[in-house]
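Starting from 1, each residue takes its place in the sequence as its number. The analysis underlying the following values was restricted to heavy atoms, covering all of them including side chains, and did not include hydrogens, waters or symmetry mates.
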Amino acid sequence: MASDQIEQAKLGNLIRKCRQKRRLTLKELCDKAGVSVGYLSQVERGNATPSLGTLAQIARALDLGLDYFVTRPKPGDAVSYADQRRKFSISDTGVTYEALSTEFPGHELSAFIMNCPPGFQSETFQHEGEEFIYILSGSIEKSLDGETFTLREGDSLHYNGMTPHAWKTLGDTPARMLWTGSLVVLQGAQNSRLPGQRS
């Protein structure tokens, strides 16, 4: 396969993933973007390359900027240096996050270090995707579909996000854990929330 055909396939696959993530049918996206179903189907299969103007229409219909499809990330953007890591909190729960992952077209994983204060307890929630947690220090009690697990330093848990889950910090010391999952938490679906974030 020629290099331009490879790029076409990558772009088409990326558009299809974005459409499916937003739960849009091919026709729904076409109606929003003002392109024909037959043409967009060809694009998604890698058999046609849209013009920049048409790609902009598709991006707009997906609530994305054109640069999402045309920007090439630099290798250095993938590095997360400990002393330069972006840290933030979302609400007044006391949970703080350290961003480990980067964003690039087509990425599916997000990763954070979560710092959780003593006494924190999350709500029970579920979502599409999967999650993996690894306890770096402290301990938590994780509830997974009604079954509870006590996790301490060095323990881990990998589960389907559709399984109802909740957790709380145990003891008088903070818990620190690595969280990674296929849930896109900082962009995309409006209902996506960071792990531990209350509504």
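Between W179 and F112, the ring planes are tilted. Angles from 30° to 60° get that label.
Atom CG of L26 and atom CG of L40 lie 5.0 Å apart (nearest 0.5 Å). The line from CD of Q20 to CD of E44 is 7.0 Å long, rounded to the nearest 0.5 Å. Between F132 atom CZ and L157 atom CG the span is 8.5 Å, to the nearest 0.5 Å. For the atom pair OG1 of T180 and CD1 of I113, the computed distance is 11.5 Å after rounding to the nearest 0.5 Å. Atom CG of L170 and atom SG of C116 lie 11.0 Å apart (nearest 0.5 Å). Within the model, atoms CG of N115 and CZ of R176 stand 4.5 Å from one another, a figure rounded to the nearest 0.5 Å.
Contact between L64 and C18 at its shortest, heavy atoms only, is CD1-SG, 3.8 Å. Between P118 and P174, the shortest heavy-atom contact is CG-N, 3.9 Å. Nearest heavy-atom pair, D155 versus T150, reported as atom, atom and distance to 0.1 Å: OD2-O, 4.1 Å. Of all heavy-atom pairs spanning P117 and T169, the tightest one is O-OG1, 3.2 Å. Nearest heavy atom pair, residue R16 against residue R45, reads NH1-N, 4.4 Å.
Between L178 and L100, the closest side-chain pair of non-hydrogen atoms falls below 4.5 Å. Between F120 and M114 there is no side-chain heavy-atom pair separated by less than 4.5 Å. With a 4.5 Å cut-off on side-chain heavy atoms, K87 and T96 do not count as touching.
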Solution key, residues 134-143 side-chain donor-acceptor pairs under 3.5 Å, sequence neighbours excluded:
from	atom 1	to	atom 2	distance (Å)
K142	NZ	Y159	OH	2.7

Quiz: residues 30-38 side-chain donor-acceptor pairs under 3.5 angstrom, not counting sequence neighbours:
from	atom 1	to	atom 2	distance (Å)
D31	OD2	K27	NZ	2.9
K32	NZ	A61	O	3.0
S36	OG	Y39	N	3.1

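Between R22 and E28 there is no salt bridge, since no side-chain nitrogen of the basic residue lies less than 4.0 Å from a carboxylate oxygen of the acidic one.
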Between F69 and L62, is the side chain to side chain contact (heavy atoms under 4.5 Å, CB included) condition met? List the steps.
CA-CA 11 Å; F69 294 105; L62 291 167; 3.9 Å; yes
Go through K10 and N13 one step at a time and tell me if the side chain to side chain contact (heavy atoms under 4.5 Å, CB included) criterion holds.
CA-CA 5 Å; K10 286 181 179 178; N13 187 50; 5.9 Å; no
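A continuous path of ILVMFWY side-chain contacts below 4.5 Å connects F149 to I133, so both sit in one hydrophobic cluster.
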